[in-house]
Amino acid sequence: MALPVTEELRDLALACRDAFGLELYGVDVLPSPGGPLVVDVNDFPNYTGIAEAPDAVADLVESRLAEVIPS
């Protein structure tokens, strides 16, 4: 289930991105007494139910292709 992204969750997701060197990824988080707890980082996530996902993935693929294929 997707949750509203708070600044704390965004920072946590970006820290996971940086730690694993990922561009497309998912982060599974559970609430805990000490705050959000990352229980899984998915390097091949399922974006089901995320309406913006197809456009975001296509934009990233296009930008990476533009970096390696001269126009």
Side-chain angles (χ1 to χ4, degrees):
M1 168 176 67
L3 298 173
V5 179
T6 64
E7 187 173 339
E8 181 181 30
L9 289 175
R10 181 180 306 281
D11 290 346
L12 193 57
L14 294 175
C16 291
R17 176 200 65 189
D18 295 344
F20 293 100
L22 300 171
E23 289 188 86
L24 295 174
Y25 62 100
V27 180
D28 295 342
V29 178
L30 293 176
S32 78
L37 177 67
V38 174
V39 294
D40 194 17
V41 177
N42 306 292
D43 63 346
F44 194 77
N46 178 343
Y47 294 117
T48 300
I50 309 298
E52 304 85 2
D55 289 336
V57 171
D59 290 346
L60 179 63
V61 170
E62 286 179 349
S63 73
R64 293 302 171 261
L65 283 173
E67 291 173 6
V68 297
I69 300 174
S71 48

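One is the number of the first residue; the rest follow in order along the sequence.
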Who pairs with [X] by side-chain contact (heavy atoms from CB on, under 4.5 Å), at least two apart in sequence or on another chain?
X   : answer
L60 : E23, L24, S63, R64
F20 : L22, V41
I69 : L65
A15 : none

**OP:** Any salt bridge (charged side-chain N to carboxylate O under 4.0 Å, His left out) involving residues 26-53? Give me the pairs, sequence neighbours left out, ordered by first then second residue.
**Re:** none

Subject >> Summary of salt bridge (charged side-chain N to carboxylate O under 4.0 Å, His left out) pairs that have at least one residue in residues 3-16, sequence neighbours excluded >> reply: none

**OP:** Is it possible for you to say whether V27 and L37 belong to one hydrophobic cluster, with membership spreading through side-chain heavy-atom contacts below 4.5 Å?
**Re:**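 No: no chain of side-chain contacts under 4.5 Å links V27 to L37.
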
Subject >> Flag, side chain of Y25 to backbone of C16, donor-acceptor distance under 3.5 Å >> reply: no

Original post:
Taking N42 for the side chain and F44 for the main chain, is one N or O donor matched with an acceptor at less than 3.5 Å?
Top reply: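 Here the side-chain-to-backbone pair does not exist.
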
Subject >> Atom pair CG (L12) and CZ (R17), whose distance is rounded to the nearest 0.5 Å >> reply: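 One finds 12.5 Å between CG of L12 and CZ of R17.
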
